Asker: 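Questions regarding the structure given below will be posed in turn.
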Amino acid sequence: MHAGWMALRTLSSDQSVKSAKLKPGTLKRIFAYAIPYKSTFVLFLFCLIADAFLTIATPLLLRELIDNGVIPKDRTVVTTMAIAVAVLALLTAAVNIVVRWISAKIGEGLIYDLRSQVFRHVQEQSIAFFTRTQTGALISRINSDVIGAQRAFTSTFSGIINNVLTLILVVGTMLALSWQITVASLLLLPIFLAPTKWIGGRLQGYTRDSFEINAEMSSTMTERFNVSGALLVKLYGNLNQESIVFKKKARKVADIGISMAMLNTFFFIALISIAALATAIAYGIGGHLAIDGSITVGSLIAITTLLARLYGPLVSLATVRVDVMGALVSFERVFEVLDLEPMVKEGLNPKILASRTPVISFEDVRFTYPNAQQISLASLESASLPEVKESEEILKGISFTAAAGSVTALVGPSGAGKTTISALLPRLYDVSSGAIKIDGIDIRELTVNSLRSNIGVVMQDSHLFHDTITANLLYAKGDATFDEMKKACQSAQIWDLVSSLPNGLETMVGERGHRLSGGEKQRLAIARLLLKSPSIVILDEATAHLDSENEELVQKALSQALSGRTSIVIAHRLSTVMNADQILVLENGLIRERGRHEELVQAGGLYSELFARQDLTTSN
């Protein structure tokens, strides 16, 4: 029956993988993952061989029981054989338990190895990778494809070994007992395989449709069940129409499920019917042979028992190529992710950044965003048309120095390159040419960990995990004490709120921090930055969407964050950077003006124009 289930699963699989071509060296890489489990594999193989021999042992004992016990009325033989059959049953159960345990140990160990490796590798990718990659497709690689690869070493491997051994032993034993009955039984195999192929074709179509519709439903639920999506549906959507569309898809899945259930039933009925027909033929031919004395009654019973264990392995082996190639293709899809080289890499002997008062310098920095071929995989993206246009140069020779402990403000129209500068400093991307230096050391010569551990960032829309306030703060400093968190929250002007909550620091902030207001989220993000205590601070439009009351609180918190630290501040509201030590005015990837607020206003250039425009808007 187990072999029948395995065959059915194979028939439901995508048959197109049979013609898939693997890249050279794929098999060698796959076997490398088996090396840590080689001793376990030996035990696994031994148990599979033992299980195959136990398959034929019981029928042979039944033959002995009937021929030398029941027919001659020898009670001793009957008792002995009955006990032997019982012991074999217990031994078979024990072997199956060991096989399942070993299979689980190898399989789960392999899943652990692959998932851990893929997860770590994906984390090392640049931000550009995540801007293009479809999250669902990436998660599928870590989940579905890893499990598909695992089957190569567990169910597929064990299935092939067990089925081959069982088939050889069963057919060999049957031929030894009666070649006439064996040949007659095997002649029925084509009769079974013909409808099996038809069932397989239908099951593949249903399975493919089911996967596609379920993927659509998952995508719908993912988009509608997060806070932003739910809010949009309530404000703009038609709840009844949303329900009707979802019900239609769910109904299709249900109808497909019914059709697949009937096909599955038909498959097993066909398998059982053919086996029953073969048994009837065996009894018919074997009965006459037994009457003629060509075989014993015990041999006839043994043959019919072995017949029940013949067709499952035959069908499984007939479709084994699909299982094998499916597992290998899953491995290749995992390797495709692992082979994608991160754009940001450390040098051979990187240095550690330890300065508490760093000087930052940009030296003729040019930057162009990488294209899709450099940073992502087509199979992980969801695009209707391939990208053909190359990205334009974003930064065109940026040079400036931020003195230790100073505040450098970046202002200018949208698309000028301000955020790009803030992304280059922590090496979310690498410069196309030129250099960014901290205390005279090119940041590409530093360890990524020491560089980023010295940089604190507060974005325009700071991200908070769906966890407690404590957990979000500890993300900056894992060993922070309660007093340290309290001090950081007090400096960020958020402690009064936190202490007033029923659960205090253990309050859940909700998905993306939606249980907090915009100003509260920003102040909590500043508290997280203060807890990290970086030597460099980057603020990217940190007060852009706040009302005047929240902006005042956040500005107080920011004054704590910037104190004594080398800071890069991106601002749309020029009033927030009037006291900056230097202001860089960017336009089209170039620094058009630089200086302090009063100098730039008097210069009558772009900054003066932007300031006058904002001042007029404020006055109105």
Side-chain angles (χ1 to χ4, degrees), residues 13-14 16-38 40-41 103-157 211 215 322-348 350 369-383 386-387 426-430 444 447-449 451-452:
S13 303
D14 185 0
S16 63
V17 297
K18 289 193 296 185
S19 57
K21 292 184 178 179
L22 298 177
K23 294 180 181 178
T26 298
L27 289 175
K28 185 177 180 180
R29 290 182 69 179
I30 291 172
F31 285 126
Y33 282 93
I35 292 175
Y37 307 97
K38 57 184 179 182
T40 311
F41 265 113
S103 176
K105 185 178 180 181
I106 295 172
E108 294 305 319
L110 187 69
I111 289 175
Y112 169 79
D113 294 341
L114 281 173
R115 277 185 179 161
S116 300
Q117 189 176 357
V118 173
F119 185 82
R120 179 59 186 266
H121 187 75
V122 169
Q123 283 190 308
E124 292 174 351
Q125 297 297 324
S126 69
I127 288 297
F129 171 82
F130 297 98
T131 62
R132 304 196 61 91
T133 299
Q134 190 179 22
T135 305
L138 184 58
I139 292 173
S140 176
R141 295 293 173 99
I142 299 177
N143 289 329
S144 303
D145 285 319
V146 166
I147 292 174
Q150 168 255 342
R151 286 177 182 157
F153 287 124
T154 53
S155 57
T156 302
F157 172 78
F211 282 165
V322 178
D323 273 341
V324 172
M325 291 306 299
L328 297 182
V329 167
S330 291
F331 257 115
E332 195 165 61
R333 283 165 58 83
V334 172
F335 291 154
E336 190 180 25
V337 176
L338 292 175
D339 290 341
L340 185 64
E341 290 290 332
M343 292 198 68
V344 176
K345 299 179 183 178
E346 289 186 350
L348 293 178
Y369 280 101
N371 58 40
Q373 290 74 24
Q374 294 174 299
I375 58 174
S376 185
L377 298 170
S379 57
L380 291 178
E381 295 187 31
S382 179
E387 186 176 282
R427 290 195 71 193
L428 300 181
Y429 302 92
D430 271 338
R444 288 169 292 192
T447 65
V448 173
N449 186 55
L451 172 65
R452 292 175 183 168

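Residue numbers run from 1 in the order of the sequence given. No experiment lies behind these values; they were computed from the predicted model shown.
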Asker: Using the test salt bridge (Lys or Arg N to Asp or Glu O under 4.0 Å), find all partners of R452 that sit at least two apart in sequence or belong to another chain.
Answerer: none
Asker: Output all residues satisfying side chain to side chain donor-acceptor pair (under 3.5 Å) with K345, sequence neighbours left out; order by chain, then residue number.
Answerer: E341
Asker: Identify, with sequence neighbours excluded, every residue that meets side chain to side chain donor-acceptor pair (under 3.5 Å) alongside N449.
Answerer: none
Asker: Among residues at least two apart in sequence or on other chains, which ones pass ring pair (Phe, Tyr, Trp, His ring centres under 6.0 Å) with Y429?
Answerer: F367, Y369
Asker: Test of understanding: with side chain to side chain donor-acceptor pair (under 3.5 Å), list the residues that count as partners of R427, not counting sequence neighbours.
Answerer: D430
Asker: Not counting sequence neighbours, which residues clear ring pair (Phe, Tyr, Trp, His ring centres under 6.0 Å) with F41? List them please.
Answerer: F153, F157
Asker: Residues two or more places apart in sequence or in another chain: which of them pass side chain to side chain donor-acceptor pair (under 3.5 Å) with E346?
Answerer: none
Asker: If only atom types and distance count, is the side chain of H121 paired as donor or acceptor with the main-chain N or O of D339 below 3.5 Å?
Answerer: no
Asker: Can you tell me which residue pairs pass the salt bridge (Lys or Arg N to Asp or Glu O under 4.0 Å) test with a partner in residues 105-121, sequence neighbours excluded?
Answerer: R120-E124
